Amino acid sequence: MPELAEVEFMRRRWDAALEDAVTSVELHPRARIFRGVDTAALARGLTGATLTSSHRSGKQMLFACGDSGWLGLHLGMTGELRVEASAYPIDRHDHLVLRQRARALVFADPRMFGTVEWTPGTQPPAWWRDRPPEIMEPAFTAERLQAFLARRAKSPLKAVLLMQEMFPGIGNWMADEVLWRAGLHPARAAGSLDAVDCAALHRELRFVCRGALRSIVRDVDGHWADPPRGWLFHERWVDGGRCPRTGSPLVRETIGGRTTCWSPALQNR
DNA sequence: CCAATTGTTATTTA
DNA sequence: ATAAATAACAATTG
């Protein structure tokens, strides 16, 4: 479920725990979510440690745990972070529970496509240093975008927008939202865009990321808020959904291996 | 029973 | 060899 802004929402949930010590750790060591992780070292490193800061890059989160180490989390398709009361009993799909004096921090993920990782020591993990620029940052230029599209010339735009190495945080609904706003057909070959199309794509990528972060991160009764009215988001899963701009029927089909919703009347370039 | 799911990666195909 | 397409992962819901 979680894309850029939903991940940011989850990160901020755990910020309630910063500067507090972890008194104990509960986990299911054999859960697939811990594939490749030394769970004994993770439990040892986190017990008694203090969460000192939290970070996000795309859909990846990183929590600094004092001098002890770094906890990396990815929510996959169905992961979530929650804050529960200190006596909260671990539930079936909760894979990692960090207990503090005042609360319990829970990482749950029914489908276990998410990942947990632990890097001991004071230096952040190598993968964190190599993260690509966020779409909102100045380093995400139209020139970089155009060069990337040229290297994926024959792939449909929809598939290319899901590539995290260039578009960190973009997922299925955000990709559809961006292409809809840019008026670009999701099956259009990435290498066929001229400078004008490319500029439009660049502009709408930034618009959708900014708008999603501004709206979704707001807390509404313990859950994230919806994107603004008028966004494709509100129509894309509705049977008989209509394009918010043209009022014409929307179409759903598999493009780039994912269910894609688009407006034939609007996305004709 | 069948198909679907807002993610990523390994494997297969072209 | 490389890029693109597909299967796989796992659980749940309709």
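These figures come from a predicted structure and were not determined experimentally. In what follows, chains are A, B, ... by sequence order, proteins preceding strands, each numbered from 1.
Going from the P atom of B:dC2 to that of C:dA8 covers 15 Å, rounded to whole Å. With P as the reference atom, C:dA1 and B:dT9 are 23 Å apart, rounded to whole Å.
By the 5.5 Å and 30° criteria, A:Phe113 is stacked with the base of C:dC9.
For A:Phe140 and A:His202, the distance between ring centers is under 6.0 angstrom.
When A:Trp173, A:Trp262, A:Trp180 are each tested for a side chain to side chain contact (heavy atoms under 4.5 Å, CB included) with A:Arg236, only one passes: A:Trp173.
Using a 4.0 Å cut-off on heavy atoms, none of the residues of residues 208-215 of chain A approach DNA chain C.
In this structure, a donor-acceptor pair under 3.5 Å is present between the side chains of A:Asp109 and A:Thr78. Side-chain polar atoms of A:Trp127 and A:Glu117 form a donor-acceptor pair below 3.5 angstrom.
A cation-pi arrangement, defined by a distance under 6.0 Å to the six-membered ring centre and an angle within 45 degrees of its axis, is absent between A:Arg12 and A:Trp224.
For A:Ser155, taking side-chain heavy atoms from C-beta onward, the closest of the listed nucleotides B:dT6, C:dA11, C:dA4 is C:dA4.
A donor-acceptor contact under 3.5 Å is formed by the side chain of A:Arg111 with the base of B:dT5.
Pairs of Watson-Crick or G-U wobble type, with distances under 3.5 Å, assemble into runs of 3 or more in DNA chain C at these ranges: B:2-5 with C:11-14, B:7-14 with C:2-9.
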